[in-house]
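What follows is a short report on a single structure.
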Amino acid sequence: MAGWRWPAALSGTLLGRFVVRLAGWSMLVVLALTAIVYSTIYDREEREALDSLKAHLLERGRTESAIFQLAASNMELFRDRFLALYADPAILADPDFDTFFERGADGATRLRQQYFDSMVGPDGIRRAGMSGFIGANQKVISDELKRRLVLSYHLLAEYGPAWHNRFINTTISTPENAMIMFWPAFAWGREVEADLDMTAFSVVRSTMFAENPDRHAVWTPLYHDHTAKAWMVTYQLPVDYQGKHLINAGHDVLVNDLMDRLITDHLPGSYNFVMAADGHLVAHPLWMDRLRKELATINLKKLGDEGLLRTHALIRDSVERRKSDPGPDENVWIVDDVADDAYLAVTRLDGPDWWFVARYPKALVAAKAHQAASAIMAMGTAYFLAMLVLVFVLLRRQVADPILQLKNASEKVAAGDYAAVADGETPLPTATQDEIGLLARSFQDMAVRVREASDSLAEQVALRTEALDAANKQLEEWSLHDALTGAHNRRAFDADLRSVFDLAQRQGKASFALLMADIDHFQAYNSAYGEAAGDQILRTLFRVLARQVGQGDRVYRHGGARAAIILTETDPVALEARVRALLDDVAALALPHQKSPHGIVTLSAGLARFKQDMATPADMARLADDRLAAARAGGHNRLVA
């Protein structure tokens with residue numbers, strides 16, 4: 001391979017076309033294979049990515065829903081136990097209410113302090129962390145309510161500590177503006193304002209028959225509790241007996257861990273966020289600072305994020321469709337976000353009406369497919385290059401080099417260097433005993449014969465070419481001159497005016513002027529002296545003009561008795577002086593003209609200098625003609641400049 005070079009000259013030959021076709025088909029095979037692999041890999045990666053997303057969301061949904069499910073399960077247990085005890089009138093027939101509660105000077109009734117601090121009950125078990133409150137608006141507390149509250153206290157003291165490892169507190173509220181709470185960290189019932197009416201706020205109000213006739217459990221929106229310094233939602237389960245609303249059993253559920261896992265626990269390249277079905281943003285890694293500042297969920301319309309609004313609409317539509325066709329997997333489903341070029345894996349969290357969403361860019365799928373396709377492309381290209389090298393190695397000596405020699409020889413012949421081929425100075429594969437050798441020997445013989453014929457023909461062509469050039473030059477000269485006066489004609493004038501006009505425009509300055517001159521009363525001269533005399537006057541005047549104009553100026557017969565002169569003088573004063581001198585020189589000839597008021601042959605002339613605002617040479621010629629007409633109208637034998 002040492003010294004090998006690409007035979008560029010073969011690109012138009014049979015071998016070149018063969019190589020091009022080979023390269024083309026090879027690349028088509030490589031591209032087709034790459035496309036098939038890319039499509040296959042993309043489909044596989046898409047399936048795997050979506051399966052991973054579903055598995056991730058399924059696990060996350062179960063994990064995040066567990067606390068909400070546990071809250072509901074706890075409160076259902078509390079409800080069943082409460083109703084079983086409440087339905088038996090022998091239980092706590094005399095609840096000894098005053099042992100537990102005391103009315104303060106502010107009018108509110110509160111659970112005594114020792115139940116929060118620490119005390120041993122009749123059963124010998126130490127109780128703590130309990131507080132209770134009955135609003136000052138409850139002036140009279142019925143025996144039935146007292147029994148309800150004491151019963152709630154006993155059950156809460158029993159269950160609250162057991163549930164405290166998963167829930168910050170457990171609360172029992174009543175429609176009569178009363179609440180008992182197990183919350184060891186905060187004596188809420190002792191601290192709350194006496195005039196607080198809990199039934200006026202949405203948490204308790206949403207459990208009452210007026211707003212909750214179906215008697216379903218209530219989840220509050222996400223909020224940040226200032227006392228607990230934590231994100232939480234509240235679960236309230238209305239407990240009724242024989243059509244009467246007795247209590248609400250509830251937990252405040254901390255979701256700090258959910259918010260933290262949202263940021264940290266996600267598939268590579270993806271991120272998670274939580275939306276409420278009612279159009280609020282619950283958690284999002286890009287909006288956590290705003291959520292912490294607001295200390296509550298944010299309405300998506302208020303947030304102003306068009307992408308999240310569109311995402312919410314997509315998920316909402318998918319939820320509506322799934323109501324009629326839930327599909328094979330009812331827990332996790334995929335939404336194709338075409339506008340954002342991403343997949344959205346969605347699962348509904350049990351409890352609050354929240355959607356847990358994982359966003360996975362399609363570009364991640366494409367990147368893996370691209371990587372595999374690139375590997376296939378690289379291998380295919382390597383195979384293609386190896387094949388080309390093999391073809392060149394095999395065909396170089398037998399085909400490439402001999403054809404290249406023939407090509408070089410043909411270029412010599414095409415350039416007229418027949419001797420270099422005929423005398424053997426240009427290498428040819430004449431020694432080979434195949435078709436190429438036969439062609440090379442025939443080509444060399446042809447070069448010898450062509451050289452001999454070319455030498456003879458060259459002598460004849462040289463003689464005829466010389467004569468033809470002379471004739472062409474003469475014809476060209478005749479075509480640009482007036483036969484009568486010998487001056488340049490109208491054709492030469494149009495070409496030269498266009499040339500100097502274009503040059504002046506490019507240079508941006510006045511570099512020439514145009515003079516139009518006419519013999520005064522020339523038709524009258526012809527009538528008086530005859531056309532032959534008129535022709536002689538024309539020849540005389542044009543010789544005078546040609547002799548008197550400066551170097552670089554040129555005189556043209558524009559037509560009839562009119563002369564056009566392109567003047568290279570640019571100074572206005574000098575230019576006008578030169579033109580007046582021309583008119584004076586003609587008058588000084590004193591050629592008789594009995595039909596002229598001046599008695600001699602005279603000229604009238606119009607002068608126009610080039611200006612940048614002239615659009616075409618014709619504009620300049622018209623201006624000179626107009627000034628010539630003005631000179632004639634003004635009495636002849638004068639210049640208008």
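These numbers were taken from a predicted model, which means no experiment stands behind them.
Between the CG atom of Asp625 and the CE atom of Met516 there is a distance of 4.5 Å, given to the nearest 0.5 Å. The CZ atom of Arg627 lies 15.5 Å from the CZ atom of Arg638; values are rounded to the nearest 0.5 Å. Rounding to the nearest 0.5 Å places CG of Asp494 at 13.0 Å from NE2 of His488. For the atom pair CG (Asp340) and NZ (Lys362), the distance works out to 9.5 Å, reported to the nearest 0.5 Å. We find the CG-CG distance between Leu303 and Leu309 to be 8.0 Å, quoted to the nearest 0.5 Å.
No close placement of the His598 and His593 rings is indicated, their centers lying 6.0 Å or farther apart.
Using a cut-off of 4.0 Å between Lys/Arg side-chain N and Asp/Glu carboxylate O, Asp619 and Arg622 are scored as salt-bridged. Salt bridge annotation for Arg359-Asp337: absent, with no cationic side-chain nitrogen under 4.0 angstrom from a carboxylate oxygen. Classification of Asp482 and Arg491 as a salt-bridged pair fails, no side-chain N sitting under 4.0 Å from a carboxylate O. Salt-bridge check for Asp585 with Arg547: failed, with every basic side-chain N at 4.0 Å or more from each acidic carboxylate O. Taking 4.0 Å as the cut-off between side-chain N and carboxylate O, Arg580 and Glu576 count as a salt-bridged pair. The existence of a salt bridge linking Arg578 and Asp553 is confirmed by a sub-4.0 Å separation between a basic side-chain nitrogen and an acidic carboxylate oxygen.
Applying the salt bridge (charged side-chain N to carboxylate O under 4.0 Å, His left out) test to Asp502 and every residue at least two apart in sequence or in another chain returns Arg498. Arg539 is linked by a salt bridge (charged side-chain N to carboxylate O under 4.0 Å, His left out) to nothing, counting only residues two or more places apart in sequence or in another chain. When the salt bridge (charged side-chain N to carboxylate O under 4.0 Å, His left out) test is applied to Asp317, no partner is found at least two apart in sequence or on another chain. When the salt bridge (charged side-chain N to carboxylate O under 4.0 Å, His left out) test is applied to Arg632, the partners found at least two apart in sequence or on another chain are Asp518. Considering only residues two or more places apart in sequence or on other chains, Phe610 meets the ring-ring contact (aromatic ring centres under 6.0 Å, His included) condition with Phe501, Phe512.
Checking His284, His312, His266 one by one against Phe273, the ring-ring contact (aromatic ring centres under 6.0 Å, His included) holds for a single residue, His284.
Shortest non-hydrogen contact noted between Leu538 and Ile519 is CD2-CD1, 3.7 Å.
Here the side chains of Trp287 and Ile298 are not in contact, with every heavy-atom distance at 4.5 Å or above.
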For residues 525-534, which side-chain donor-acceptor pairs fall under 3.5 Å, sequence neighbours excluded?
residue	atom	partner	partner atom	Å
Ser527	OG	Gln523	O	3.0
Tyr529	OH	Gln594	N	3.0

